[in-house]
Amino acid sequence: MEVNVRQAIKIFFAKSAFEMIYMEAFANALDAGATRFNISVSLPDPAQLSGLTLNLEDNGKGFTDRRYAKFSRLLDVEEKSHKGLGRLVYLCYFDRVDIVSHYDSGRCRTFTFCHDFDSSAATVETVTRRRSGSSLTLTGFNGEKLSRNANIRAAWIKRLLLENFMMRFHEARRLRRNITVSITSEIGGKAETETFDVSSLPRFKVEQVEATTGLFDTMEVYYHISDISDDIFGDGSPAFVTALSIDDRSFPVDLLAGARIPERYNMIFLLRSSALQGATDGARTAMRLPDTTRKEIITIFRRAVYTIISREVVEIADANRRSLDAMQERYPHLAGMIDPESVGYIPYHETIRRAQEQFFRTERELLDATTLTDEQLQKSIEFSSRTLAAYILYRQKIIERMQALSQNSLEADLHNLLLPRYHPGFSGSQFERDAFLNNLWVLDDRFMTYEHALSEAEMQAVIARLKPQSPADEATEADADRPDIAIFFSRPPEDDGEKFDIVIVELKRPGITTEANSIVEVQLDKRTQALSAHYGHRIQRAWYYGIVEMTDDYRMHLKNNQYRPLFSHGNIYYKTKPVYRDLDDDIGVVQHSYIIDYRSLVADASARNSAFLRLLREKFSHVSGGSE
């Protein structure tokens, strides 16, 4: 041989797989016109791999003088789909390949292919046998182990050949040329036999595919879809193959990762293009395509497969439509941006991620525009609605968390969800930044317009926050009780002269007595008096919320104290009254007091938020296009 065999193996087969032996031998047999191919595997003792023997036999043309000369020269090929290197894989795993080849109706060539191969050492003699064909016997296994023990089992080898040579089988059937394969494995005395021929293999339909660019001249998808009862591989498992057909081999591509394909279907999809021929490495073990080209091919192939499955299998199409509806129900702001052709065929989170990426691309496009075209203006209006929808969805998640809170830690956990405990405070000027850090809207959506929001702040600190210019000696006696949440809104209260409103929230832990709950009413009055003493008549209204566990006994108490029930999905009681700061005050502050059951608070917030969601879903259900 004109090339050093040992060195060539290191260069071209540094990474190889044992199954390439079967694939190379079978491909060579088909190239030689074989219609019968036999594989025999023998391993007397599975613990002694050195005793492994493979025999590969076909009825092809054999090693004629011309074919033997080509075999003796690496890289000597006639077609770009051939590489002239495949035979080297035999010596990656075996020290020796003894070959007996009959050809030209009575000639027999015998030689040994090894690391020190000498093409002149072959012997040729005349024999009485008139049939052609070759027999390769591989011995001297030189590995320490097999990557998988299944590699030498007949059933596994059968599936390997079927999956990798589907297109060759299809072409043979089209040309009315039958091919029969027989595989026998005897391992540790246990024999296994598998056979198949072209006539028993699935028939393919062909669909022309239009490329998005002029990169490919012809593209076709060969496909087969059948019930699982059509046992293609003969092992009882479904056949699901998506592959590119390159150089007469199938190269799997994972088009439908995470897809929920019903197990009762066989599905085979092969993409074939004249532009792909020759696009493999020297050993024909991997594709050799530029990344951009490969991505474009995969995109074209995936869309073709989506279209075929949706058309051919109504069950899958219906399931995917239901999945799309569920996604748009959960993420209404992404409606029209979710690619319907990807739903069900790629993982759920990946579908949503792609829609979100498009959402953000639209955002950047609008924010980066110095002036808006009419089209961009329309997009801007739509995008604003989608941004609001994302916020409403966030709120729904908060509601679900509140609904799942444990009674044991309800007071603290609810407090942290409304406004983080001991947080130094939020400012209305930073509303956009803080909108996802507090959930004051649960009380009432109007309180989202707060000017200041403090949590777990003592009344003295509250007053200092609002009126830092007040000298310490002006302060009234400190209120040692902490209002759980203090919200000051409508305008900056430190500005002199203008009136403002104030909101204070008190939470009481579940399970306490009516008497303990009623303390909240006294606390609310004390808050009003303390603040009024500092701000005089600048406080025009005080809104107080007492959040408690409502019992019949406590409801009776509220009724007796002139609290009126309000429309709610639970129990809310309301009373308005003036609260005076001292005995000489004749004006007072209008105090609106709400006593709310924990469950009612969450139920009412959920009802309001659901109304927003319904409106947004209705809007986006009419949005079309936009997916990529």
Side-chain angles (χ1 to χ4, degrees), residues 16-42 52 54-60 81-83 86-87 89-90 92-93 133-136 138 146-175 177-187 191-204 222 224 230-252 266-270 272 280 283-286:
S16 64
F18 187 85
E19 56 263 32
M20 286 299 299
I21 293 174
Y22 309 120
M23 294 168 62
E24 180 62 26
F26 187 56
N28 288 338
L30 295 180
D31 290 340
T35 58
R36 189 183 72 251
F37 185 70
N38 300 327
I39 298 176
S40 178
V41 181
S42 174
L52 177 62
L54 301 186
N55 181 258
L56 311 169
E57 183 179 318
D58 67 71
N59 67 340
S81 63
H82 297 172
K83 303 299 180 181
R87 54 196 173 278
V89 75
Y90 303 150
C92 288
Y93 297 93
S134 300
S135 173
L136 287 70
L138 287 67
L146 292 169
S147 59
R148 289 178 292 186
N149 291 333
N151 286 0
I152 55 175
R153 291 186 60 246
W156 186 89
I157 298 171
K158 174 184 176 180
R159 185 157 187 151
L160 173 76
L161 296 180
L162 285 172
E163 287 187 347
N164 282 275
F165 291 94
M166 280 288 182
M167 192 57 68
R168 294 294 293 265
F169 293 134
H170 170 77
E171 288 298 317
R173 167 176 271 161
R174 186 178 64 82
L175 297 172
R177 176 168 164 257
N178 195 27
I179 298 174
T180 301
V181 178
S182 177
I183 308 165
T184 301
S185 61
E186 186 170 347
I187 303 169
E192 177 184 325
T193 300
E194 296 283 349
T195 62
F196 66 91
D197 60 41
V198 166
S199 63
S200 65
L201 299 182
R203 295 181 179 275
F204 285 106
Y222 292 72
H224 170 84
D230 179 14
D231 192 1
I232 295 176
F233 293 142
D235 56 4
S237 61
F240 187 77
V241 178
T242 54
L244 303 182
S245 179
I246 307 177
D247 297 347
D248 298 323
R249 306 276 179 94
S250 298
F251 289 85
N266 294 309
M267 293 189 180
I268 300 173
F269 298 92
L270 304 174
R272 190 179 193 184
T280 59
R284 285 198 290 192
T285 58

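The figures here come from the full heavy-atom set of this structure, side chains too, leaving out hydrogens, waters and symmetry mates.
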Peer 1: Measuring only between side-chain heavy atoms, which start at C-beta, is Tyr90 closer than 4.5 Å to Leu54?
Peer 2: no
Peer 1: Return the minimal non-hydrogen interatomic distance between Ala243 and Ser250, and the atom names on each side.
Peer 2: CB-CB, 4.0 Å
Peer 1: Take Asp58 and Asn28 through the test side-chain contact (heavy atoms from CB on, under 4.5 Å) and record every step on the way to the result.
Peer 2: CA-CA 9 Å; Asp58 67 71; Asn28 288 338; over 6 Å; no
Peer 1: Would you check if Leu270 and His170 make a side-chain contact, meaning some heavy-atom pair closer than 4.5 Å?
Peer 2: no
Peer 1: What's the spacing between Met167 CE and Leu244 CG if we round to 0.5 Å?
Peer 2: 10.5 Å
Peer 1: How close do Ile152 and Ile157 get, counting heavy atoms only, and between which atoms?
Peer 2: C-CD1, 4.2 Å
Peer 1: Closest heavy-atom contact between Leu30 and Arg168?
Peer 2: CB-NH2, 3.0 Å
Peer 1: Is there a side-chain contact (heavy atoms from CB on, under 4.5 Å) between Tyr93 and Leu52? Walk through the geometry before answering.
Peer 2: CA-CA 10 Å; Tyr93 297 93; Leu52 177 62; over 6 Å; no
Peer 1: Taking all non-hydrogen atoms of both residues into account, name the closest pair between Ser200 and Asp197 and its distance.
Peer 2: OG-O, 2.7 Å
Peer 1: Just do the side-chain contact (heavy atoms from CB on, under 4.5 Å) check on Lys158 and Val181 with the steps written out, would you?
Peer 2: CA-CA 8 Å; Lys158 174 184 176 180; Val181 178; over 6 Å; no
Peer 1: Using atom types as modelled and distance alone, determine if a side-chain donor or acceptor of Asn266 lies under 3.5 Å from a backbone N or O of Asp230.
Peer 2: yes
Peer 1: Okay, side chain of Glu192, backbone of Arg153: is any donor-acceptor separation there less than 3.5 Å?
Peer 2: no
Peer 1: Do Asn38 and Ser40 come close enough that some side-chain heavy atom pair is under 4.5 Å?
Peer 2: no
Peer 1: Quick one: does Leu161's side chain get under 4.5 Å of Glu194's, heavy atoms only?
Peer 2: no
Peer 1: Less than 4.5 Å apart, any side-chain heavy atom of Met23 and any of Met20?
Peer 2: yes
Peer 1: Determine whether Met166 and Val241 satisfy the following criterion, side-chain contact (heavy atoms from CB on, under 4.5 Å), listing intermediate values before the conclusion.
Peer 2: CA-CA 10 Å; Met166 280 288 182; Val241 178; 5.8 Å; no
Peer 1: Show the nearest heavy-atom pair for residues Ile179 and Ala34, with the distance to one decimal.
Peer 2: CG1-O, 4.4 Å
Peer 1: If you measure from CG on Leu56 to CZ on Phe37, what distance do you get to the nearest 0.5 Å?
Peer 2: 5.0 Å
Peer 1: Give, for atom CG of Leu136 and atom CD1 of Ile39, the distance between the pair rounded to the nearest 0.5 Å.
Peer 2: 11.5 Å
Peer 1: Rounded at 0.5 Å granularity, tell me how far CD1 in Ile21 sits from CG in Leu160.
Peer 2: 11.0 Å
Peer 1: What is the ring orientation for Phe204 with Tyr222, classed by angle as parallel under 30°, tilted 30 to 60°, or perpendicular over 60°?
Peer 2: perpendicular
Peer 1: Would you kindly say whether Thr35 and Asn178 are connected by a side-chain donor-acceptor distance under 3.5 Å?
Peer 2: no
Peer 1: Just verifying a value: how many Å separate Arg36 CZ and Glu57 CD, rounded to the nearest 0.5 Å?
Peer 2: 6.5 Å
Peer 1: Minimum heavy-atom separation for Val198 to Phe169, with atom names?
Peer 2: CG1-O, 3.8 Å
Peer 1: Taking C-beta and beyond as the side chain, do Phe165 and Arg249 meet within less than 4.5 Å on heavy atoms?
Peer 2: yes
Peer 1: Do the side chain of Arg173 and the main chain of Leu201 share a donor and acceptor less than 3.5 angstrom apart?
Peer 2: yes
Peer 1: Asn164 versus Phe26: any side-chain heavy-atom pair under 4.5 Å?
Peer 2: no
